[in-house]
There are 2 protein chains.
Amino acid sequence: MSRRDPGPPPGGRSAGGKLLAVLDAFTRERPALTLSELARATGVPLSTAHRLVAELCAWGGLERSADGRYRVGLRVWELGALAPRGLGLREAALPFMEDLYEVTHENVQLAVRQDTEVLFIERFAARDAVPVLTQVGGRFALSATAVGLVLLAHAPAEVQERVLAAPLHRFTEHTVVDPRRLRAVLAEVRRAGCAVSDRQVTVDAVSVAAPVLARGEVVAALSVVVRGSSAAAVRSVTPGVRAAARAISRAVEQAGLTPEVLSAQPAG
Amino acid sequence: MSRRDPGPPPGGRSAGGKLLAVLDAFTRERPALTLSELARATGVPLSTAHRLVAELCAWGGLERSADGRYRVGLRVWELGALAPRGLGLREAALPFMEDLYEVTHENVQLAVRQDTEVLFIERFAARDAVPVLTQVGGRFALSATAVGLVLLAHAPAEVQERVLAAPLHRFTEHTVVDPRRLRAVLAEVRRAGCAVSDRQVTVDAVSVAAPVLARGEVVAALSVVVRGSSAAAVRSVTPGVRAAARAISRAVEQAGLTPEVLSAQPAG
DNA sequence: AGGGTACTTCCGTGTGGCGGAAGCCCGGTC
DNA sequence: GACCGGGCTTCCGCCACACGGAAGTACCCT
């Protein structure tokens, strides 16, 4: 290698690590890459990238279409289906989310926290519901959405501090960006047992979220997003969200999903 | 290595390949493994497995809970969400599946073919619908389910031959296991444009499936499973399934998902 | 034709993956 | 409390195998 540092190289990574770096190159914004793009994105020499990609293709982790671009393969999707916080959680929550959806016909969302972001696990949206920025498999800042507020309010202190220390992104004029105010909001979320995001992400949407618990720990959050310009619009769906979140909590426990299994962040 | 063969070792695999082998050890039946189990399952020495697993954990591909077991991590789920045939297809199909579900309140399923098996991408089931053996992220034989018949009927000849050459698994007394009869069934599926599985998987369920097309190629199949003991039970839902499948086809094309992107099986 | 881009293949080099072995921790048993 | 066994972690020297530069191929576009 042309690098001279003996420590762990920042970009390159060792052996199998390169393989993972190739997978990391795929994002929602760039879900299809040519070999050269891949090599550039990962900083791996072309010939090496070529070999790694061939290996991943043979395994099913990547697929190549006739236009020469690579995409994430179905094998990865299939494997991901085994993640407890992915499909496991979803399976438990689905029936209740469906009920909520049928009753409201608004956006119904289920999300978990991953480090300092929300990750959306499931979402139903009627064709005529308010458009929202979130999508399944997509991430979002913790501080703006209702699900995010619930998850943040019950996150370890260390995580909260990290979020509060970093500058908070402003989406609309209603977005809370003052750390002091956010602290107050989080306290209120803990007291009330649910969170409201009033036009903090988009100016035409309000959302309510309630926590999903496993053995007393918050492991996910459920929300409904409705069109509206004030918290009043939210009042009618709040009981439904809270009830569904409780029902999901029960289903989660019944499915044998403990907070242990549903927490695990970095590990070693 | 203690092996003496110079060719590609059957189990061990090379470098990054071992890493993928570790991931492969996780299945729906064994979604949580200890380090030792992992080492045994992959045939990799314990110390090597330890290193690989640490690498995967650091990346987020595996998570370790306090009981010492490893599970597939959320990072894999997130990546899998980028697979066109996974979430991409699902996103396009979801609204129409919801409609169908609301109208019928029966099992509504979306599946694709992966080599000689069906893989279920999405499924809705009311709490009181017929219990079925399939689950999202799970595989199944092509020859028995209605979705499988649709996918098999329009698969490349080479795939059909392989399926017909292998012994066909019998689930119930109605399962078609004679290759000659199956050929006839497939021809009828192609002619009719939809498939019926009459108690071929479980004795109390009948299902109808219709193909989802992209630029004229069959890329997925949609089905509804209803309780019933004869094909008559199916008649009432057939038009709905066919209409929804067509609607999904349109949505798939509109989403820019070409057959190219949705086909790609092995690649090199 | 010529230059550019993208992909594929080859092969000598040396590095980092490999795995045996020893040590550690915990829980069960006598 | 000593002993034992199973599972996990760490260490380290050897050498296979991954690495990537370079040359070759294919296919644009000018």
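All heavy atoms count here, side chains included; hydrogens, waters and symmetry mates do not. Naming convention: chains lettered A, B, ... in sequence-line order (proteins, then strands); numbering from 1 in each chain. Please read these numbers as outputs of a predicted model, since none were measured by experiment.
- If you measure from atom CG of B:Leu38 to atom P of D:dT9, you get 12 Å, rounded to the nearest angstrom.
- Listed nucleotides D:dT9, D:dG7, C:dA6 differ in distance to B:Arg40; the shortest reach to its side chain belongs to D:dG7.
- Applying the 4.0 Å criterion to OP1 and OP2 of C:dT8, one finds that A:Arg64 has a side-chain N or O inside that range.
- If you check the side chains of B:Gln135 and B:Arg28, you find a donor sitting under 3.5 Å from an acceptor.
- Following rounding to the nearest Å, B:Asp67 (CG) and D:dG7 (C1') show an atom-to-atom distance of 14 Å.
- At the phosphate of D:dG20, neither OP1 nor OP2 sits under 4.0 Å from any side-chain N or O atom of A:Arg51.
- Rounded to whole angstrom, the span from the CG atom of B:Leu46 across to the P atom of D:dT10 amounts to 12 Å.
- By the 4.0 Å N-to-carboxylate-O rule, B:Arg71 lies too far from B:Glu63 to be salt-bridged with it.
- Each of D:dC19, C:dC18, D:dC8 was ranked by its minimum atom distance to the side chain of A:Thr48; first place goes to D:dC19.
- Rounding to whole angstrom units, CD of residue A:Glu55 and P of C:dT9 are separated by 15 Å.
- Evaluation of atom-type donor-acceptor distances gives a pair under 3.5 Å for the side chain of A:Ser47 against the base of D:dG21.
- Atom CD in A:Glu37 sits roughly 8 Å away from atom P in C:dA6 (whole-Å rounding).
- Of all nucleotides listed (D:dT9, C:dG19, C:dT8), C:dT8 comes nearest to the side chain of A:His50.
- In this pair, B:Phe140 and B:Phe171 present their aromatic rings parallel. The plane angle is below 30°, not in the 30 to 60° band.
- Checking the phosphate oxygens (OP1, OP2) of C:dC18, a side-chain nitrogen or oxygen of B:Lys18 falls inside 4.0 Å.
- Computed from coordinates, the B:Leu35 CG to D:dG6 P distance equals 16 Å when rounded to whole Å.
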